[in-house]
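Order of the sequence lines sets the chain letters (A, B, ...), proteins ahead of strands, with each chain counted from 1. These numbers were taken from a predicted model, which means no experiment stands behind them.
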Number of protein chains: 2
Amino acid sequence: MLISELATRTGVSSRALRHYDGCGLLPSRRRSNGYRDFPPEAIERVRRIRLLLEVGLDLVAVASLLPCFAEDGRLAPCEPAQERLRAQIRSIDASMATMRETRRMLVAELGAELGAGEPGATAGLVAEVGAASGRPA
Amino acid sequence: MLISELATRTGVSSRALRHYDGCGLLPSRRRSNGYRDFPPEAIERVRRIRLLLEVGLDLVAVASLLPCFAEDGRLAPCEPAQERLRAQIRSIDASMATMRETRRMLVAELGAELGAGEPGATAGLVAEVGAASGRPA
DNA sequence: CTTGACCTTGTCACCGGTGTCAGACTTTAG
DNA sequence: CTAAAGTCTGACACCGGTGACAAGGTCAAG
């Protein structure tokens, strides 16, 4: 299929698809006129690329991880893939820890100035705080 | 004081200080030779700038918030400042929600492949998950 | 004087996926 | 034939704080 069809089917822009292709993430043949010709499997492949991008990996990491996908669409239990995902989880945990600390600083800054303010407003803020920070969704 | 002294005292590079100055965040006079001459208060001001940068604001937001600092180093209870901080908290909450979802996807991807693996490894991962995601530090 | 340290302004690079534009070619519809 | 639509490649912009460099002015110590 041509790139516009792949774009339509996956919801990914042609620009992005060409970029993925340029990075070697998408196997594509060329027609005699030079147009890219994607096999039907490209749809699934794009889906995997987007999945990995969504979880915060960059295209280099995605490229290294794509061969680890088994035919059923799952990551094969190869050690590099597992370790990569675990590393990403650790990275996310670190970022979240930083954000929690940042949030704490913000709330402290707000709380200090709200200490002498309306109890209602303070309670509302505290409620909002409690609702959003602690629970794991 | 000269810029290098301010840099030494605050731990912020001269490059960054010049950048802040260029953005109008630091009040500085010029000596007859063109050198920046910072008043002693600049130290505290730099501290405030870094505080706001640390919580994720950009220099434009920092500039708009700096006048809201009272003399005691606290944010004055002016509505723009409060709303800005609350907006930043909302932004952080949104980011954290996204990260939690991302993390969930990662764990699901790992968990699926680990489902048939060693119970010990899985338990360890789950423990790690629970330790890092739920608690508000 | 020279040397070296410090200051000035200005500019480039970075990161990385994507939008967007330009210029050229191909194909199809009218 | 022509116009329109689709494709190609290549390049620039973005975001934004900071590192790094260049070229030059200033000043104190020797």
What is the distance from [atom1] of [X] to [atom2] of [N], rounded to the nearest Å?
X	N	atom1	atom2	value
A:Arg29	D:dT7	CZ	P	18 Å
B:Leu53	D:dG17	CG	C1'	8 Å
B:Asp21	C:dT8	CG	C1'	12 Å
A:Arg36	C:dC25	CZ	P	18 Å
A:Leu26	C:dG17	CG	P	14 Å
A:Ile49	C:dG16	CD1	C1'	15 Å
A:Leu57	C:dG17	CG	P	10 Å
B:Ile3	C:dA5	CD1	P	19 Å

With a 4.0 Å cut-off on heavy atoms, is [X] in touch with a base, just the backbone sugar-phosphate, or nothing at all?
X	result
A:Ser14	nothing
B:Arg18	base
B:Arg30	sugar-phosphate

| said: Closest-nucleotide mapping onto DNA chain D: is B:Ser32 or B:Leu59 further toward the 5' terminus? I mean the 5' end. | reply: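 That would be B:Leu59.
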
| From the list D:dC12, C:dG17, D:dG17, which nucleotide is the closest neighbour of the side chain of A:Arg15? |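 Selected nucleotide (nearest to the side chain): D:dC12.
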
| message | Heavy atoms from C-beta onward define the side chain here; which of D:dT9, D:dT18, C:dT18 lies closest to that of B:His19? | response |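 Ranking D:dT9, D:dT18, C:dT18 by closest atom to the B:His19 side chain puts D:dT18 first.
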
| Where each residue is assigned the nucleotide of DNA chain C containing its nearest heavy atom, which of A:Asn33 and B:Asn33 is assigned the position nearer the 5′ end? |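 Comparing both residues, the 5'-ward one is B:Asn33.
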
| Between CZ on residue A:Arg50 and OG1 on residue A:Thr10, distance to nearest 0.5 Å |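 OG1 of A:Thr10 is found 7.5 Å from CZ of A:Arg50.
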
| Shortest non-hydrogen contact from A:Ser14 to A:Ala7? |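 So the minimum-distance heavy-atom pair works out to OG-CB, 3.7 Å.
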
| task | Report yes if at least one side-chain N or O of B:Ser4 is closer than 4.0 Å to OP1 or OP2 of C:dA5; otherwise report no. | result |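 Checking C:dA5 against B:Ser4, no side-chain N or O comes under 4.0 Å of OP1 or OP2.
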
| request: Taking only the side-chain nitrogens and oxygens of A:Arg31, find out if one of them lies under 4.0 Å from OP1 or OP2 of D:dG6. | output: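 For D:dG6, neither OP1 nor OP2 has a side-chain N or O of A:Arg31 closer than 4.0 Å.
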
| said: For A:Ile49, run the side chain to side chain contact (heavy atoms under 4.5 Å, CB included) check against A:Leu65, A:Leu57, A:Leu66 and tell me which one passes. | reply: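 The single option meeting the side chain to side chain contact (heavy atoms under 4.5 Å, CB included) with A:Ile49 is A:Leu66.
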
| said: Measuring only between side-chain heavy atoms, which start at C-beta, is A:Arg47 closer than 4.5 Å to A:Glu44? | reply: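 A side-chain contact under 4.5 Å exists here.
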
| 4.5 Å side-chain heavy-atom contact, A:Arg103 and A:Met99 |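 No. Closest side-chain heavy atoms not under 4.5 Å.
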
| request: Record whether the side chain of B:Tyr20 comes under 3.5 Å of the base of D:dG17 through a donor-acceptor pair of N or O atoms. | output: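 No pair found.
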
